[in-house]
Amino acid sequence: MTYIHNTITKLKKTSPAQAEFYQAVEEVLESLQPILETNEQYQLNSIIERIVEPERQLMFRVPWVDDQGKVQVNKGYRIEFNSALGPYKGGLRFHPSVNASIIKFLGFEQIFKNALTGLPIGGGKGGANFDPKGKSDGEIMRFCQSFINELYRHIGPTTDVPAGDIGVGAREIGYMFGQYKRLTGQFDGVLTGKSLLWGGSLARKEATGYGCVYFAQYMLEDKGDTLTGKRCLVSGAGNVAIYTIEKLYQLGAIPVSCSDSSGTIYHESGINLDTLKELKEVRQVRLNEYLDAHPDAKFIAKADYPADSNAVWHLTGAQLAFPCATQNELNEADAKALVANGCIGVSEGANMPSTQEAIEVFLAANIHYGPGKAANAGGVATSQLEMAQNASMQRWSFEEVDEKLKVIMKNIYLNASETAAEFGEPNNLVLGANIAGFRKVADAMIEQGVV
Ligand code: NAP
């Protein structure tokens with residue numbers, strides 16, 4: 001359709017060299033074709049031209065002093081993408097690969113994900129090209145303080161509420177909150193993912209992984225199947241992967257793999273969750289140390305595997321796949337291997353882990369495919385539940401939050417699948433999630449006028 005094509009062409013000219021951002025935009029816009037064709041209002045109001053342009057983009061210097069007394073400098077970002085449905089909401093990523101393209105793709109995805117939750121939150125994302133690995137606590141604290149010295153002017157409980165993402169957990173949120181409080185004198189719900197001691201929500205840490213498994217459960221149940229006894233491939237060994245594995249066990253499935261940037265663990269009898277937590281949450285070491293406790297497991301070093309493919313997706317004997325590490329970690333060849341080896345479903349814990357070609361393989365094979373913006377929305381949804389608890393000065397129990405999470409994930413699944421059916425492709429949750437999220441944001445934008 002020329003309207004979509006022209007918008008993408010123009011975007012590439014005005015925002016050059018942002019490959020991940022174009023990838024996310026193309027994936028969303030192409031699936032909007034059926035709704036754009038039948039609704040002139042969207043073209044008349046230039047909705048897609050507006051929706052691909054962030055409302056505000058902040059880029060700033062983050063200077064800090066390392067333990068040797070040397071001044072280091074990183075680049076900080078916050079992209080306030082769309083506030084049609086509520087305050088900007090989305091995580092902060094600290095990773096050396098962070099650049100404007102990556103933060104924009106994440107922020108763009110966040111708009112539709114947040115809309116799908118049904119909660120009053122807009123979309124944003126931020127971060128820095130800072131690598132927390134190998135840094136002392138003091139270095140992490142000084143970096144976080146410097147990052148907030150700029151960002152504090154732009155965030156607030158009713159304007160923009162950042163959370164964690166890769167490289168940002170409760171420790172980093174703590175240091176950023178402390179500095180925000182010092183600069184503003186305010187103790188408010190400006191960040192989510194906080195410690196349980198001072199305003200965090202029970203079940204927030206678990207929410208993205210748990211939600212991703214609930215989503216898989218609802219996809220299977222809708223076709224009369226269950227998670228019980230299913231062998232599952234999981235990638236990643238961070239927050240999302242760990243709590244995906246935990247919930248898979250709770251629902252009777254058997255997760256047999258996990259991975260980090262050094263390689264993949266395959267444990268035929270099932271990943272030992274206690275060992276994984278000890279290695280990654282407590283000691284923060286590389287995954288090959290898993291073998292010290294479980295010599296019957298296998299470690300496939302990244303260096304020994306072809307660079308253009310991910311060992312996790314070539315393991316055999318599993319029925320389900322949960323990509324929970326990072327963007328573009330599952331390509332066309334990986335997707336073909338999964339399907340050939342009998343995989344019947346994929347639920348994405350990470351953001352945009354599958355390339356466009358891989359998604360096409362899943363859709364053509366007609367397997368269950370839960371795209372990240374639907375399947376991993378449990379994290380941001382529970383962040384919003386944290387905001388609600390902060391604003392009302394309440395504290396809900398773990399069970400209460402988990403129950404709300406289940407209902408939200410069920411509604412996201414139903415919203416995506418019913419919208420897919422409405423547009424004539426009942427099993428296409430990519431189309432369903434994109435249209436359902438877009439329609440809500442677009443209609444709100446029209447109602448709020450040209451702003
Ligand atoms: P995390 O705790 O930092 O863990 C990330 C995991 O992925 C680590 O095991 C890391 O290994 C691995 N990884 C990262 N980059 C990699 C690469 N290039 N190659 C191989 N492995 C890589 O982060 P997380 O919070 O679990 O986030 C994982 C994904 O979920 C991200 O896509 C994030 O955007 C998405 N997500 C997170 C949340 C949330 O609530 N946390 C919500 C929605 C979506 P190393 O430690 O070796 O780098």
Side-chain angles (χ1 to χ4, degrees), residues 20 24 89-98 102-103 105-107 109-110 113-114 116-117 123 125-127 130-134 162-173 192-193 200-201 203-212 215 234-245 257-265 276-277 279-281 283-290 300-303 305 307 309-313 322-331 347-354 371-386 405 409:
E20 293 85 358
K89 183 92 200 82
L92 297 171
R93 177 177 291 191
F94 292 168
H95 193 272
S97 64
V98 162
I102 290 193
I103 298 299
F105 113 65
L106 289 163
E109 288 277 295
Q110 198 82 43
K113 181 192 306 194
N114 293 2
L116 277 173
T117 65
K125 198 82 188 187
F130 169 75
D131 189 357
K133 280 203 194 82
D165 190 75
I166 290 179
V168 178
R171 173 182 61 168
E172 291 74 19
I173 293 287
T192 58
S201 173
R204 170 61 189 92
K205 181 175 69 171
E206 293 82 357
T208 308
Y210 279 21
C212 172
F215 196 86
V234 179
S235 67
N239 172 265
V240 180
I242 288 174
Y243 293 96
T244 293
I245 290 174
S257 73
C258 59
S259 67
D260 66 11
S261 49
S262 71
T264 297
I265 288 286
L276 182 62
K277 285 186 177 178
L279 295 177
K280 289 297 182 181
E281 293 190 329
R283 292 177 47 217
Q284 292 164 4
V285 292
R286 304 277 80 196
L287 262 187
N288 60 331
E289 294 199 25
Y290 184 93
I300 307 160
K302 193 139 189 165
Y305 208 76
S309 129
N310 186 342
V312 180
W313 316 126
F322 294 83
C324 295
T326 193
Q327 67 273 0
N328 294 329
E329 55 161 318
L330 197 165
N331 64 20
S347 186
E348 295 182 338
N351 284 310
M352 205 169 75
S354 307
K373 71 169 70 65
N376 73 34
V380 73
T382 310
S383 274
Q384 199 279 344
L385 301 180
E386 182 174 328
L405 171 65
M409 294 313 297

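Note: hydrogens, waters and symmetry copies are ignored here, and every other heavy atom, side chains too, is used. Positions are given from 1 along the sequence. Computed from a predicted structure; not experimentally measured. Remember, it's 1-based here, ligands and their atoms both numbered in the order they're listed.
- Residue Asp165 places at least one N or O, backbone or side chain, under 3.5 Å from an N or O of ligand 1.
- Looking at Glu329 against ligand 1, nothing comes within 4.0 Å, counting heavy atoms.
- Residue-level proximity to ligand 1 for Arg286 is carried by the side chain, the only part with a heavy atom below 4.0 angstrom.
- Of all the heavy atoms of Ala207, none lies under 4.0 Å from any atom of ligand 1, so neither backbone nor side chain is involved.
- The proximity of Ser235 to ligand 1, defined as any non-hydrogen pair under 4.0 Å, does not occur for either the backbone or the side chain.
- Contact annotation for Gln284 and ligand 1: no heavy atom of the residue comes within less than 4.0 Å of the ligand.
- Considering only non-hydrogen protein atoms, atom 16 (C) of ligand 1 sits nearest to Thr326 CG2, 3.6 Å.
- Taking distance alone, with nitrogen or oxygen atoms compared against 3.5 Å, Ser262 stays at or beyond that limit from ligand 1.
- Atom 37 (C) of ligand 1 has its closest protein heavy atom at Val240 CG2, 3.5 Å.
- Protein heavy atom in closest approach to atom 43 (C) of ligand 1: Thr208 CG2, 3.6 Å.
- Annotation: Ser261 places an N or O atom under 3.5 Å from an N or O atom of ligand 1; distance criterion only.
- Under 4.0 angstrom from ligand 1, there are no non-hydrogen atoms of Gln327.
- Here the heavy atom of the protein found nearest to atom 2 (O) of ligand 1 is Asn239 N, 2.9 Å.
- Among protein heavy atoms, atom 48 (O) of ligand 1 sits closest to Lys133 NZ, 2.9 Å.
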